[in-house]
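In what follows, a single structure is set out as C-alpha cells and then discussed.
Predicted model only: the values in this text are computed from it and were never measured. All chains are named by letter (A, B, ...) in the order of the sequence lines, taking the proteins before the strands, and each is independently numbered beginning at 1.
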2 protein chains.
Amino acid sequence: MANQTVDNPFAAPGHDHRSCIVAALDAAEAACARRGERLTPLRRRVLELVWRGHRPVGAYDLLALLQDERGRVAPPTVYRALDFLCTQGLVHRLESLQAFIGCGHTGNHMDDQGDGRHAAHFLICQDCGVAVEIRDGQLDGAISGLAGRAGFAIADETIELSGLCAACRNQSVSRPVCTTS
Amino acid sequence: MANQTVDNPFAAPGHDHRSCIVAALDAAEAACARRGERLTPLRRRVLELVWRGHRPVGAYDLLALLQDERGRVAPPTVYRALDFLCTQGLVHRLESLQAFIGCGHTGNHMDDQGDGRHAAHFLICQDCGVAVEIRDGQLDGAISGLAGRAGFAIADETIELSGLCAACRNQSVSRPVCTTS
DNA sequence: AATGTAAATGATATAACATAACAAAATGAA
DNA sequence: TTCATTTTGTTATGTTATATCATTTACATT
C-alpha cells in the first residue's frame, strides 16, 4: 500500500508521497522531451515544489521556498515557471483559490495533441485542503451537451467543486493541516 | 422585442437594458424585504452599477464609478457591499475573471430557503465579454452523481465555461466592446 | 426626545497576487 | 564563432483584497 500510485489523495495523508513526486517529474521530463520543450532546472524545481503535496500552493509560497534556497528571487521568476508548467499541462491553476497544483495525468490523455493542455475539473476539500483532479464522463457529456445546444464553443473550463471529502466528513472536528500530502 | 425580459444577453446588445436594471433592483428590494435584510442606498447603488451591463465588472471599476459620484471612496466600501450582495445571491463572483456580475434569477429559486445563495454556472464569451448564468439539469445531475460516488459533500460550485457565444462565432472579426449590454 | 445597542460606513494602512519592461546570460543552430 | 532565440534576472508597478479601528446611522426602548 505504501508505494502504490495515489489516484485519490483524500484520506491518504500517510501515502509514500516521494513516489508521487518522482512519477510527476519523470512524466514531465518525458512529456517535454516528446514535445521539444525545455524543462530547465528552475522549471523542474518549481514543479517539484508544487508537488510537495496534494494541496494547492500559492505563487508566493513557491517564491518563499525558492528564496530559501537561492536568495533573491523575484515574482516573475515564479510566474514564468508556472506559466510554462500550466501551458504544458503539468500544473493547473485553481481559480477559486488563486493557487496551483500539480497535474497527475501528464501523458495519459487522449486529447493531448502535441501540447499537454487539457480541461481539469477538481474536488477541493475545505477541511483537509486537498484538491483532486477528477474526470467524469457524465459531467463531460453534460457540458458538451449544453454548450452544443447554446451554440457556444468552449475554449476553457473552470470547474471547481469545494466541500468536504469523505474522510473529513467522518470525523467530528477539523484536524491540523500539514503542508503536504 | 425591445422591452422583453432578456434571459440570454448573448447577441442582444440592443435590448432595453433599463428594464433589466429595474427588474433586478425590484427583485433585490423584494428579496431583502422578505429576509429582513437591508438594501441600503450604498448597496443598492453598487448593485445598480454592477447591472450597468451583462459583462462582469471588477471591484476597482466599481470603486472608480463610486468615486466619480461621491469623491473619496475606499476599497472596503465596495468589497463590503459586494460581500452583502453575494451573500444575498444578488451578485455572483466570477473566479476566473476576478469580477462580479448581477444575478438575474433572484427570487425564483426553489432552493432559496431564507437566504438567496445558490450555485451559479456561467458561459462567458471571450469575444463580446458577456457572461450568462445557465441552469442545466444534466449538469446538476452529473455533479451530484459524481459527488455522491466520491462521498464528497459539495458546499460551493465554481463552474465557468469560457469560449465564443453563438453570435460571436458567426462573425469573422472581433467587434469593439462597449461597457454595457 | 433621549438613550442604548447593533449594524453600517468611513478611513488608513497593508497584504496578497500578478505583470510590464528591459538587461543579462545561457542555449542551440548556422 | 557568430547569430538569433530563449530563458532568467532585476526593477518597478499594477491589480485585487483585507485587517483594523474610528465614526456614523438606524432603530428599538425608555
Side-chain angles (χ1 to χ4, degrees), chain A residues 28-29 32-33 35-50 55-88 90-101 115 129 158 160 179, chain B residues 28-29 32-33 35-50 55-88 90-101 115 158 160:
Chain A
E29 293 280 9
C32 288
R35 296 172 198 145
E37 298 285 351
R38 297 168 53 198
L39 189 64
T40 63
L42 175 66
R43 291 165 173 173
R44 188 188 154 91
R45 182 61 182 145
V46 170
L47 180 59
E48 198 173 2
L49 290 173
V50 167
R55 300 173 206 274
V57 188
Y60 277 69
D61 295 338
L62 294 169
L63 182 60
L65 292 168
L66 279 181
Q67 285 168 336
D68 285 346
E69 53 192 44
R70 304 186 176 210
R72 249 166 230 150
V73 180
T77 299
V78 171
Y79 280 102
R80 284 189 290 229
L82 287 170
D83 282 349
F84 172 83
L85 295 169
C86 287
T87 298
Q88 297 303 318
L90 303 171
V91 162
H92 297 295
R93 177 184 153 86
L94 290 167
E95 299 291 345
S96 62
L97 299 175
Q98 289 157 208
F100 300 84
I101 190 163
D115 74 338
T158 299
E160 299 169 15
T179 56
Chain B
E29 293 280 9
C32 288
R35 295 171 199 144
E37 298 286 350
R38 297 169 53 199
L39 188 65
T40 63
L42 174 65
R43 291 165 173 175
R44 188 187 155 92
R45 181 60 181 147
V46 170
L47 180 59
E48 198 173 2
L49 290 173
V50 167
R55 301 173 205 275
V57 188
Y60 277 71
D61 295 338
L62 294 169
L63 181 60
L65 291 167
L66 280 181
Q67 286 169 336
D68 286 346
E69 54 192 42
R70 306 187 174 208
R72 249 165 231 151
V73 180
T77 298
V78 172
Y79 280 101
R80 284 190 289 228
L82 288 170
D83 282 350
F84 172 84
L85 295 169
C86 287
T87 298
Q88 298 302 318
L90 303 171
V91 162
H92 297 295
R93 177 184 152 89
L94 291 166
E95 300 291 345
S96 62
L97 299 175
Q98 289 159 211
F100 300 83
I101 191 163
D115 75 338
T158 299
E160 299 169 15

Using a cut-off of under 3.5 Å, enumerate the N/O to N/O pairs linking the protein to nucleotides 25-28 of chain D.
none

**Report entry** Audit row: B/Ile101, B/Val91, side chain to side chain contact (heavy atoms under 4.5 Å, CB included) steps and yes/no
**Finding:** CA-CA 6 Å; B/Ile101 191 163; B/Val91 162; over 6 Å; no
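- Taking every heavy atom of both residues into account, A/Leu90 and A/Cys32 meet most closely at CD1-SG, 4.2 Å.
- Between the side-chain ring of B/Tyr60 and the base of D/dT16, a stacking contact exists by the 5.5 Å and 30° definition.
- Heavy-atom minimum distance, A/Gly129 versus A/Pro56: O-CD, 3.3 Å.
- For B/Ala59, the side chain to side chain contact (heavy atoms under 4.5 Å, CB included) test picks out B/Val78, B/Tyr79, B/Leu82, B/Phe100, with sequence neighbours left out.
- Qualifying side chain to side chain contact (heavy atoms under 4.5 Å, CB included) partners for A/Glu95, counting only residues two or more places apart in sequence or in other chains: A/Arg93, A/Thr158, A/Glu160, B/Glu95, B/Ser96.
- Across residues 73-86 of chain A, A/Pro75, A/Pro76, A/Tyr79, A/Arg80 each have a non-hydrogen atom less than 4.0 Å from an atom of DNA chain C (numbered order).
- Applying a 4.0 Å cut-off to non-hydrogen atoms, the residues of residues 92-101 of chain B that approach DNA chain D are B/Arg93, B/Gln98, listed by residue number.
- For the pair B/Leu49 and B/Val57, the minimum side-chain heavy-atom distance is 4.5 Å or more.
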Report task. Check step by step if side chain to side chain contact (heavy atoms under 4.5 Å, CB included) holds for B/Leu66 and B/Leu42. Result -> CA-CA 9 Å; B/Leu66 280 181; B/Leu42 174 65; 4.2 Å; yes
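- A distance-only check finds no donor-acceptor pair linking the side chain of B/Asp83 to the backbone of B/Arg80 [under 3.5 Å].
- For DNA chain C, the span of nucleotides reached by chain B at under 4.0 Å from its heavy atoms goes, 5' to 3', from C/dA7 to C/dT12.
- When all heavy atoms of B/Leu47 and B/Ala28 are compared, the closest pair comes out as CD2-CB, 3.4 Å.
- In this view, A/Arg38 and A/Thr40, A/Arg43 satisfy the side chain to side chain contact (heavy atoms under 4.5 Å, CB included) rule, not counting sequence neighbours.
- Among residue pairs with one or both ends in residues 65-76 of chain A, those qualifying as side chain to side chain donor-acceptor pair (under 3.5 Å) are A/Arg45-A/Glu69; sequence neighbours excluded.
- For the pair B/Leu62 CG and D/dT15 P, the interatomic distance rounds to 15 Å; values are reported in whole Å.
- A search for side chain to side chain contact (heavy atoms under 4.5 Å, CB included) contacts involving A/Arg44 returns A/Leu25, A/Glu29, A/Leu39, not counting sequence neighbours.
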